[in-house]
Each structure stands twice: as structure tokens, then as C-alpha cells.
Participant: 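Below are the C-alpha cells for one structure; questions will follow.
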Amino acid sequence: MSIKHQMSIEGNDLRLDFDKEYTQIGKSVPRIDGVEKATGAGKYAGDLKFPNMLYGKILYSPHAHAKILSIDTSEAEKIPGVKAVLTSKDVPDMKYGISPARWDENIFCIDKARYVGDKIAGVACIDEETCYKAMKAIKVEYEVLPTVLDYRHAMDEGMPLVHDNYPRNINTEIHQDFGDVEQAFKDAYHVREDVFTGTRAYQNPIERHSNVCIWKDDKLTIYPSSQSPHYFQYYVAREFGLKMGQVRIVLPLIGGGFGGKLEPSGLEFVGSVLSKVTGRPVMMSYDRLEMFQHNRGRHQGTYRIKTGVDKNGKILGCHTYFLLDGGAYTGLGIATAYYSGALLPLTYEFDNYKFDGYRIATNLPACGAHRGHGAPQPKYAFESHLDNIAKDLGIDPLDIRLINARKPNTTTVNGFGIQSCELTACLDRIAELSDWREKKKKGLPQGRGIGIATGSFVSGAGYPIYRNDWPSASCMIRVNEDGTSATLYSMSADLGQGSSTILCQMAAEAMGYKYENMKIVCGDTETAPLDFGAYASRQTLFSGWAAKRAGEKIKKDILETAAFMMGLPNEDMDLDCVDGVIFSKSRPKVKVTTFEEAAARYFKLKGPLVGTGVYTVHRTGGYHKGAPVGTSPAYSFGVQAAEMEVDEETGKLTCLNFWDVHDCGQVINPTLVKGQIHGALYMGIGESIFEQVQFDDKGKIVNGSMGGYLMPTALDMPSNVINETVESYEPVAPWGVKECGEGSTNPTMGAFRNAIADAVGANVTSLPLNPEHVWRAIQEKKAKDKK
Amino acid sequence: MANVLTDKEGKKRYLVSFTINGDEHQGLVKANTLFVNFIRDELDLTGTKRGCELGDCGSCTVLMEGKPVNACLLLAVEADGHSFTTIEGLATTNKLDLVQEKFIEYGAFQCGYCAPGMILSAKALLNSNPKPTEHEVREAISGNLCRCTGYVNVVKAILAASGQEVEH
Ligand code: FES
Ligand code: FES
């Protein structure tokens with residue numbers, strides 16, 4: 001038994017000192033899906049097989065902007081093995097998206113195609129090969145229209161419109177104004193303006209989007225590759241006019257999402273109708289290029305930032321002006337646009353802030369919620385800008401961050417309430433780890449630089465993904481009849497981040513049970529109660545609350561039964577159950593019993609032992625337009641530093657060392673937390689130095705493959721990655737937890753850029769920070785120096 | 001060369017046989033049938049994944065005569081007469097392979113989609129080089145893309161599986 005308790009007699013008092021050490025959380029237990037993943041036994045959507053199953057594909061537009069004049073499917077229908085061909089007239093024409101004012105996407109294009117990859121028709125056939133034959137035989141007559149490919153000129157006079165209802169191609173326009181920025185600039189000792197640019201990056205999970213749809217009679221079942229089964233259920237029901245209860249979503253294993261699998265991909269809508277008309281299960285999937293075309297990755301943007309500071313570098317006011325390339329549809333992009341400006345005031349304290357943002361419609365794949373949703377590129381710009389200011393003033397980049405760093409129990413200028421915040425501790429620790437002061441004092445060898453950047457992120461969005469008044473998360477635990485196992489039913493989604501593992505740890509801790517006896521059914525809408533799923537880094541805190549509360553209910557029932565079995569009163573919280581053992585705290589001589597025995601007795605007396613838990617976020621945020629976006633019960637904080645070597649001749653970059661220190665509250669599973677940070681860092685590094693979706697002048701992707709779109713391999717990653725967490729406890733979270741998976745993507749690009757700028761003394765402004773961009777910045781600087 | 005059957009439209013099918021995880025398998029395949037599709041669709045060995053089908057990602061890695069190959073670049077007809085190990089063949093009934101054990105212990109996968117290929121590449125490396133350096137490990141898995149882990153724990157797990165001391 002791992003509970004530490006000790007009896008002692010002080011005077012006449014018999015005392016029991018109970019050391020409340022956790023037995024299930026705070027430990028790197030092996031992940032619950034470890035064996036099935038390591039042995040290849042686990043099934044992802046694309047691995048599923050059903051009797052009589054057909055294969056389906058979506059025919060996409062080869063033009064970035066084109067009117068659809070006619071579609072002739074007659075030849076395709078004649079091909080043996082082709083079971084169904086669908087076009088827009090065979091499916092509902094209700095538009096979809098995240099926010100009703102911007103529902104702008106259809107299952108199939110009705111009037112025109114808006115990007116290369118837009119959905120035109122669907123086929124279901126006996127195998128994939130036949131699908132390709134069928135798609136080739138579909139004759140579509142297009143009238144090619146002029147395109148809008150460059151978001152920077154999309155608002156210009158005379159540009160064609162991507163959507164008629166977005167004048168000047170402005171999809172979203174945001175103006176937020178807090179305090180008095182102009183006055184702050186007047187009061188400032190120094191005011192500086194910079195412009196930075198980002199690029200389109202794509203989540204590129206290794207598992208491709210797939211799903212199996214089975215529409216039988218009045219019930220539709222979908223096995224999708226999805227981050228939010230509830231959102232899918234809601235959207236599919238809405239699109240087809242079904243009741244939610246008629247739609248069942250069952251999640252198989254998910255091979256990574258990073259935001260790219262949060263919105264419907266179109267495959268589930270098309271697959272559903274194909275299944276309905278054929279009466280057979282239909283397997284749908286995107287190939288790699290089609291995934292790039294469906295996209296929903298990072299918005300590229302132009303980020304203009306103007307900041308006024310006092311003599312010491314204290315920020316007085318900041319004005320940001322962001323232009324984002326949204327692509328052809330809105331999807332989650334409206335949230336991205338708000339996030340891009342709203343999250344900036346998190347890490348530093350200042351009282352005056354103005355944010356002007358434009359999300360622009362273009363004839364390119366739609367962008368969406370890519371890890372760190374909206375925050376990483378603006379943060380890269382701001383952190384680069386802050387280093388420029390520090391340089392102007394002759395202040396150490398570490399000091400300008402320390403002087404501005406957010407403190408606990410503060411409220412941001414735009415109304416986000418912060419409780420726990422150990423940003424200063426993170427800065428101090430990273431300075432130690434990286435030997436920052438020493439390196440700054442002595443200087444680094446020629447061609448070498450060190451850079452630092454901060455980041456912060458929501459631990460779950462304060463408002464749900466679509467307008468509703470449901471609780472934020474709920475779950476149910478059922479203890480098996482003989483008490484030897486318990487199953488957690490949750491509609492959370494484990495994309496790999498490990499939510500199933502930590503939710504089981506949390507449930508077991510709350511129940512007084514053992515993690516190794518926990519099972520989980522996650523993401524099945526027919527058995528598990530509502531949870532909005534995996535996005536905005538919400539599950540550890542949100543789903544965690546639900547698991548904790550459900551577990552506590554089970555424990556209460558267990559202790560009541562045990563009291564009866566042990567012939568003791570169950571009062572004054574005298575009985576406790578820890579790690580599966582039930583004991584009396586005040587009567588240590590009373591023979592202990594076990595969770596198992598009590599659970600078995602409970603079943604005999606009262607039937608199934610079930611506990612439910614629910615969590616609803618408290619009201620958060622202000623009342624201005626867009627106030628809900630960026631609200632959260634809690635915020636994570638983090639700092640990263642990079643030491644880089646730059647070859648000035650070629651622009652070649654080598655990352656010698658990388659440090660990350662994170663305030664993610666209490667840690668439930670250290671190995672999983674580290675894994676999240678490594679992964680976030682990896683994506684941040686990729687986006688810093690390689691990743692860029694590229695297009696030809698007709699809007700066609702030219703590098704839509706794993707070989708074309710470069711992501712770091714094991715050889716490209718720095719081998720010296722040191723990451724640590726600082727001690728922190730979030731009061732509004734279960735056991736004090738906070739997020740870590742997305743926040744760690746935020747500082748990376750800034751840290752890289754600042755290290756490079758430090759190495760070469762040039763103001764590098766364009767992502768990705770590849771040899772070409774770095775080399776150009778060096779040349780510019782040399783030319784300037786000559787003058 | 002495999003036996004050829006011709007159907008009434010003149011299309012050829014090839015009779016191939018190979019050993020997978022110790023079991024003999026026969027199949028009648030088209031000239032363009034990919035080995036990865038054959039084992040997944042016909043033999044239900046879906047542990048071998050498909051991420052790109054272009055030889056770029058390594059998630060379809062299998063061992064052919066003990067050497068790692070991308071099963072999406074291999075035609076089923078080319079596989080004729082060869083012997084393969086897929087991820088399903090690594091563990092015995094009740095015992096995981098040491099590499100699998102270390103991958104779990106070190107948290108070397110998250111979504112797990114790359115894991116079968118990554119584990120087999122690691123296995124092949126350790127078979128030919130029982131005490132690799134960190135750089136050799138990175139080289140050996142450089143054809144296996146992972147979008148989740150940043151390879152940090154993958155490298156550790158493989159070094160640990162080779163018996164070297166690695167902190168968690
Ligand atoms: S599927 Fe074979 S290498 Fe990607
Ligand atoms: S664990 Fe997800 S791709 Fe490697």
C-alpha cells in the first residue's frame with residue numbers, strides 16, 4: 001500500500017498523520033492505448049472494414065475560381081463497379097461553417113468552385129481504382145474566372161469577389177480598442193513600428209482523413225477521423241435534418257489532428273449520402289494532396305505592430321494591425337482572426353491596446369485552427385518586435401521580458417482573468433538553464449546567437465464551439481459488477497495527446513481506485529455523455545473536472561457501502577479509499593477492505609454503480625464585440641530559448657541548443673506533458689525553418705506531398721532539447737492543472753528568429769526562417785552598413 | 001517468376017507467395033497491386049499504415065528479409081518468394097518485443113500512426129547495429145516521419161532498447 005500514514009501519541013492524543021500523497025496522478029503511468037498502438041492492433045478509421053463495404057471519393061475542382069456550367073455523370077455511371085455518383089443536386093444545399101453569419105460552405109459547389117480542391121461530385125464504387133476511373137469519366141464544364149490569390153491585394157478596387165456577400169473580400173473585420181493607445185504613444189519614451197510576415201503552414205497529421213459512413217433506415221453511424229465527435233454529430237444532424245439521436249459518431253483511434261480534424265472535412269457528408277443511396281457502408285478518404293487542399297491549416301498573415309515603451313522598456317501601449325489570408329471558406333477561421341489579436345496581451349502587462357484585424361477571402365484552400373490557434377504567428381511578430389525595441393534601447397531581451405511579464409491574479413487589458421501565472425519563474429529558470437547572463441556578458445562566437453520568447457495559451461475555450469447552453473464537459477463512470485474494473489465514458493477525443501490516459505488517472509484518483517483497472521470508451525456519442533472534444537487545449541481541465549466529479553460520486557457510494565460492511569459509521573469523513581484500499585483513518589486497527597469488495601457488494605444490493613460528472617465554465621471575459629474569443633478558466637505560460645549558428649555565406653542554420661520552461665500547472669503525467677511540449681516544439685521548429693505550402697500562379701499547390709512539404713526529420717531536430725516545468729497550481733482547475741500542448745508552439749518561432757537576429761545582427765522579418773530569407777536579411781544589412 | 005493467369009478480357013493476374021510473420025500466404029494479384037494494399041486489404045494486416053503512398057513518410061515500413069522497406073513502393077509481384085515481418089509479427093503471444101516495450105515506457109509515440117513503421121526501422125537498426133550512437137539512431141529513423149513527438153522520446157526509447165542508459 002502506498003499510502004503513508006503514521007500513528008503517533010503526543011501527550012494523550014492519539015494522532016494519525018496522513019500524508020496526502022496522490023497515488024494515481026502525478027505519475028508517468030504507461031499510456032492506456034500503448035500496447036494496441038505498439039503492436040499495430042489498434043484501428044484507425046482507414047483500417048476499418050465492414051461487410052459489403054464500398055469505397056468513395058470526391059472529385060475536386062482543378063480551377064481556383066470557376067463557374068460550373070454543367071456536370072455530366074452519365075459515362076461514369078455506366079462503368080462496371082460504380083454504385084453511385086452524386087452532385088450538388090443530390091445532397092442538401094444548406095451551407096455550413098462555425099458561425100451562422102458566415103456559413104458559406106456547401107457539401108458540393110453549387111454555382112462555382114472557389115479553390116483548387118473544391119468539392120464537385122462524389123462516387124461510390126467497389127474499390128478505389130474504380131473510383132478514380134469514375135471520376136475521370138465525369139465531365140464538368142467550367143467557365144474559368146479571374147482569381148484572387150494574393151491576400152495583400154484582395155481588398156483592392158476591381159478585384160473579383162470570392163463570395164458575393166464579402167465585399168472587398170473582407171471575410172471578417174475586427175476593431176477592438178482598450179484604454180487610450182494614442183495617449184500612450186504620446187507618453188512613451190520610444191515608439192517603434194515593425195512589419196512581419198508569415199506563411200501558410202499545414203498540420204499534416206500522418207494519418208489521412210478517412211471515415212466510414214453507414215446510413216441504415218433512419219440511423220446514420222459514422223466512424224470519422226475527428227477531434228470532436230459531438231461537433232460532428234451536431235453538424236451532420238443539422239445538415240441532413242436528422243435528430244441528434246439519429247446520428248451516432250464513433251471515434252476509432254485518431255492519428256493526430258492538431259486542429260486539422262476539428263471541422264467536418266466534407267468526407268462525412270458525402271459518405272453519408274453515398275451510403276444512404278447505395279444502402280452499403282462507404283469508406284471515404286483523402287489522399288495526401290487532397291488533405292493539403294482541404295487544409296484548415298495556419299493562416300498566413302502580415303503583422304504590423306506599433307508599441308510605445310518607457311525608458312526601461314515597460315510597454316505603455318500597443319497597436320496591432322493584422323491582415324490574414326483566410327482562403328476560400330470561413331470554417332473556424334473567424335475564431336482564428338479574433339484569437340490572433342486577443343491572445344497577445346496575455347504574457348505582458350499593459351493598459352492600452354488596439355487591435356485591427358482583417359481576415360481576407362482568397363481562392364486558396366481555407367485556413368483554420370492550427371495548433372496554437374491564431375496565436376503563433378502574431379506572437380512570433382510581437383516577440384521579434386520586442387527584441388527590436390530592446391535593441392533600440394540597449395536593454396537585454398531577457399530584462400525587457402522580465403519587466404513586462406504578467407503577474408498572477410491580474411486581468412488583461414481585454415478582460416481575461418488570470419489566476420496562476422509563473423511567467424517570471426519561467427524566465428528566471430530559462431536564464432539559468434541557458435546560461436543567458438553569462439553568454440550575454442561574454443558574447444558568443446561569430447555567427448552564433450541566442451534568442452528568447454514567451455507564450456501563453458487558453459486552457460480550454462470559455463465558450464463552446466457553436467452556440468449552445470450545454471455544460472462544457474460531462475462523463476460517466478460505471479464500475480464493473482465485481483469491482484475489478486471501471487469504465488470511463490467520455491466524449492473526449494484522444495488524438496495522441498494522451499487524454500484517455502490522464503482522464504483515467506484522474507478518475508481513478510478521485511474514486512480511490514487504481515489506474516491499471518480503468519478502461520475508457522471515448523468518443524462514442526451513443527454511450528458517452530457530451531463533451532466538446534479536443535480543441536483549444538481543453539480536455540485536461542474541462543474533461544478532467546467531469547472525471548474528478550464522477551469519480552468522487554463513485555467514491556461516496558463505495559465508502560457508504562464499506563461503512564456498512566465494516567460496521568462503522570460513515571461520518572466525519574473517517575473512512576477513506578486510496579489506491580483501492582478502504583480504511584478507517586481514526587481506527588487503524590479496524591481491518592481494511594477493498595474497493596473491489598465494496599463495489600461487488602454495492603452491485604448486489606443496489607445494482608450498477610454509476611457516477612456522473614459535469615463541468616460548466618464560469619462566466620468569463622468582457623462585453624465588447626468578440627469578447628468570448630480567448631476567454632478561458634485558466635492560462636498556461638511558457639518561455640523558450642534557442643541557441644543558433646548561422647553560416648553567413650549560405651544562410652544555413654543549425655540549432656545548437658533549445659530550452660523550454662513551461663507553467664502548465666500541476667502535472668498529471670510527466671511523460672505525456674514532456675511529449676506534448678516536444679511535439680509542440682517540433683511543429684514550431686518546422687514552421688520556423690521549413691514549412692510553407694506553395695502555390696503556382698493558378699492557385700494550385702505545388703508541394704502537396706510529404707516529400708514536397710518539408711517537415712523536420714529526426715536528423716533536422718536539435719538533439720539538445722531541455723524542457724522543464726515550474727511549480728504552479730491553478731486554483732480553478734481539477735488538481736491545479738493547465739494546458740501545455742498548444743502553448744508550447746507559441747514562443748518557438750520568436751525564439752528562433754531572435755537567435756538568428758542576434759547571430760547575424762539583421763532584422764529577419766519573413767517566415768519561414770530558411771536559408772534564403774536569412775541570407776537576404778544578411779545582404780540587406782550589409783548593404784545598409786556600407787551606406 | 002510468379003505464375004500468370006489471364007482472364008477472358010486478357011488481363012493478367014500473378015500468383016504470388018511469400019512468408020509474412022512466419023505464415024505462408026498466396027495471392028492472385030494485378031501487376032500494379034501494391035504490397036501494402038495487399039497485406040492490408042487481403043490479409044487484414046492493417047498494422048502497416050499508409051500515410052503518403054509515395055515513399056515519403058515511412059509509416060508503411062515492413063521488414064523484408066530483415067531490412068526495412070516502404071511497402072507502398074513495393075509491388076506485390078516483387079514480394080514473391082520473400083519473407084517479411086510486419087508489426088503484427090514482432091510480439092509473441094504474451095510478450096512484447098523489447099523495442100515495443102521501450103517505446104511504451106519512454107512515451108515514444110502519441111497518436112501512434114507512425115509507431116509500427118518507426119518500431120520496425122528501430123528493430124532493423126538494432127539487428128544490424130546493437131549499440132548505435134544517437135546520430136546512427138537518428139539516421140536510421142530519418143525516413144520515418146512523426147508529426148507528434150519531435151523524435152525526442154523515440155531516440156531515447158531506441159537507445160534504451162539497445163541497453164544504453166537513458167534518462168526519461
Ligand atoms: S505510405 Fe509508404 S512511405 Fe508513406
Ligand atoms: S506518434 Fe503521431 S505520428 Fe508519430
Participant: Give the C-alpha distance, both sets of side-chain angles, the deciding distance and a yes or no for side-chain contact (heavy atoms from CB on, under 4.5 Å) between Phe35(B) and Glu78(B).
Facilitator: CA-CA 8 Å; Phe35(B) 184 64; Glu78(B) 293 175 297; over 6 Å; no

Participant: Need one label for Asn32(B): side chain, backbone, both or neither, based on atoms under 4.5 Å from any heavy atom in chain A.
Facilitator: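 For Asn32(B), the side chain is the part near chain A, not the backbone.
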
Participant: Quick one: of Ala680(A), Gly496(A), Gly40(A), who has the most non-hydrogen atom pairs under 4.5 Å with chain B?
Facilitator: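 Among Ala680(A), Gly496(A), Gly40(A), the one with the most close pairs to chain B is Gly496(A).
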
Participant: Show me the donor-acceptor pairs within less than 3.5 Å that the side chains of residues 62-75 of chain B make with the rest of the protein, sequence neighbours left out.
Facilitator:
| residue | atom | partner | partner atom | Å |
| --- | --- | --- | --- | --- |
| Glu65(B) | OE2 | His82(B) | ND1 | 2.9 |
| Glu65(B) | OE2 | Ser83(B) | N | 3.1 |
| Asn70(B) | ND2 | Gly55(B) | O | 3.4 |

Participant: If you take all heavy atoms of Gln100(B) and Ala91(B), which pair is closest and at what distance?
Facilitator: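 Minimum heavy-atom contact is OE1-CB, 3.5 Å.
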
Participant: Is Leu90(B) close to chain A through its backbone or its side chain, or both, or neither, when contacts mean heavy atoms under 4.5 Å?
Facilitator: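 Interface part for Leu90(B): neither.
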
Participant: Is the closest basic N to carboxylate O distance between Arg298(A) and Glu691(A) below 4.0 Å?
Facilitator: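 The answer is no: the pair does not qualify as a salt bridge.
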
Participant: Side chain, backbone, both or neither: which part of Glu101(B) has a non-hydrogen atom closer than 4.5 Å to chain A?
Facilitator: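 For Glu101(B), there is no contact with chain A at all, as no heavy atom is under 4.5 Å.
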
Participant: Among Gly679(A), Ala714(A), Ser719(A), which has the most heavy-atom pairs under 4.5 Å with chain B?
Facilitator: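 Ranked by contacts with chain B, first place is Ala714(A).
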
Participant: Hey, what's the ring geometry for Phe292(A) with Tyr202(A), parallel, tilted or perpendicular (30° and 60° as the breaks)?
Facilitator: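 Aromatic pair Phe292(A)/Tyr202(A) classed tilted.
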
Participant: State, with a plain yes or no, whether a side-chain heavy atom of Lys57(A) is found less than 4.5 Å away from one of Glu290(A).
Facilitator: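 Touching, per the 4.5 Å side-chain cut-off.
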
Participant: Do you know which of Asp47(A), Asn204(A), Asp494(A) has the most heavy-atom pairs with chain B at a distance under 4.5 angstrom?
Facilitator: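 Of Asp47(A), Asn204(A), Asp494(A), Asp47(A) has the most heavy-atom pairs under 4.5 Å with chain B.
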
Participant: Is Lys11(B) salt-bridged to Asp7(B), going by a charged N under 4.0 Å from an acidic O?
Facilitator: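 Judged by the 4.0 Å cut-off on N to carboxylate O distance, Lys11(B) and Asp7(B) do not form a salt bridge.
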
Participant: Less than 4.0 angstrom from a charged side-chain N to a carboxylate O is my criterion; do Arg208(A) and Glu53(B) meet it?
Facilitator: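 Salt bridge between Arg208(A) and Glu53(B), a charged N being under 4.0 Å from a carboxylate O: yes.
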
Participant: Within a reach of under 6.0 Å around NZ of Lys49(A), are more than 12 heavy atoms found that belong to other residues, nucleotides or ligands?
Facilitator: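 Atom NZ in Lys49(A) is crowded, with more than 12 foreign heavy atoms closer than 6.0 Å.
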
Participant: Just so I understand: if I count every heavy-atom pair under 4.5 Å between each of Gln497(A), Met291(A), Glu129(A), Glu128(A) and chain B, which residue has the most?
Facilitator: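 Of the candidates given, the most pairs with chain B belong to Glu129(A).
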
Participant: Counting heavy-atom pairs under 4.5 Å with chain A, which one of His168(B), Glu88(B), Lys49(B) comes out on top?
Facilitator: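 Maximum pair count with chain A is reached by Lys49(B).
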
Participant: Measuring heavy-atom distances to chain A, does Ser142(B) have an atom under 4.5 Å in its side chain, in its backbone, in both, or in neither?
Facilitator: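 For Ser142(B), the contact with chain A is made by backbone and side chain together.
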
Participant: What part of Leu495(A) is in contact with chain B, defined as an atom under 4.5 angstrom from a non-hydrogen atom: side chain, backbone, both or neither?
Facilitator: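 Only the backbone of Leu495(A) comes within 4.5 Å of chain B.
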
Participant: Most heavy-atom pairs under 4.5 angstrom with chain A, which of Cys146(B), Cys52(B), Gly143(B)?
Facilitator: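 The option with the most such pairs is Cys146(B).
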
Participant: Does Thr61(B) form a side chain to side chain donor-acceptor pair (under 3.5 Å) with Asn144(B)? I'd like the steps, not just the answer.
Facilitator: CA-CA 8 Å; Thr61(B) 304; Asn144(B) 295 82; 3.3 Å; yes

Participant: By a 4.5 Å heavy-atom criterion (distance strictly below it), what part of Tyr286(A) contacts chain B: side chain, backbone, both, or neither?
Facilitator: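 Neither part, no heavy atoms under 4.5 Å.
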
Participant: Is it the backbone or the side chain of Pro718(A) that comes under 4.5 Å from a heavy atom of chain B, or both, or neither?
Facilitator: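 Interface part for Pro718(A): backbone (N, CA, C, O).
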
Participant: Looking only at heavy atoms, which two atoms of Ala76(B) and Phe38(B) are closest? And how far apart?
Facilitator: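 Closest pair (atom of Ala76(B), atom of Phe38(B), distance): CB-CB, 4.4 Å.
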
Participant: Answer with side chain, backbone, both or neither: which region of Glu36(A) has an atom nearer than 4.5 Å to a non-hydrogen atom of chain B?
Facilitator: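 Nothing of Glu36(A), per the 4.5 Å heavy-atom cut-off to chain B.
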
Participant: Considering only heavy atoms, which portion of Glu134(B) lies under 4.5 Å from any heavy atom of chain A: side chain, backbone, both, or neither?
Facilitator: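 The side chain, not the backbone.
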
Participant: What pair of heavy atoms forms the shortest contact from Ser744(A) to Pro747(A), and how long is it?
Facilitator: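 Answer, listing the atom of Ser744(A) first, then Pro747(A): O-CD, 3.6 Å.
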
Participant: Heavy-atom distance under 4.5 Å to chain A: side chain of Tyr151(B), backbone, both or neither?
Facilitator: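 For Tyr151(B), the side chain is the part near chain A, not the backbone.
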
Participant: Top residue by heavy-atom pair count (under 4.5 Å) with chain B, among Met717(A), Arg288(A), His678(A)?
Facilitator: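 Highest number of pairs under 4.5 Å: His678(A).
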
Participant: Mind ranking His135(B), Arg50(B), Glu105(B) by heavy-atom pairs under 4.5 Å with chain A and telling me who comes out on top?
Facilitator: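 That would be Arg50(B).
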
Participant: Among Leu715(A), Asn669(A), Thr671(A), Val29(A), which residue has the highest count of heavy-atom pairs closer than 4.5 Å to chain B?
Facilitator: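 Sorted descending by pairs with chain B, the first entry is Leu715(A).
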
Participant: Please flag which part of Ile206(A) lies under 4.5 Å from any non-hydrogen atom of chain B: side chain, backbone, both or neither.
Facilitator: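 Both parts, backbone and side chain.
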
Participant: Heavy-atom distances under 4.5 Å only: say whether Phe103(B) touches chain A with side chain, backbone, both or neither.
Facilitator: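 For Phe103(B), no heavy atom lies under 4.5 Å from chain A.
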
Participant: Report the residues that fulfil salt bridge (charged side-chain N to carboxylate O under 4.0 Å, His left out) with Glu739(A), sequence neighbours left out, ordered by chain and then residue number.
Facilitator: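 Partners of Glu739(A) under the salt bridge (charged side-chain N to carboxylate O under 4.0 Å, His left out) test: none.
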
Participant: So which heavy atom on Leu159(B) is nearest to which on Pro132(B), and how close?
Facilitator: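 What the structure gives for the nearest pair is CD2-O, 3.6 Å.
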
Participant: With chain A as the partner, which of Asp56(B), Thr48(B), Asp41(B), Asn37(B) has the greatest number of non-hydrogen pairs under 4.5 Å?
Facilitator: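 Max contact count across the listed options: Asp56(B).
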
Participant: Tell me, for Lys30(B) versus chain A, whether the close heavy atoms (under 4.5 Å) come from the side chain, the backbone, both or neither.
Facilitator: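 It is the side chain, since no backbone atom gets that close.
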
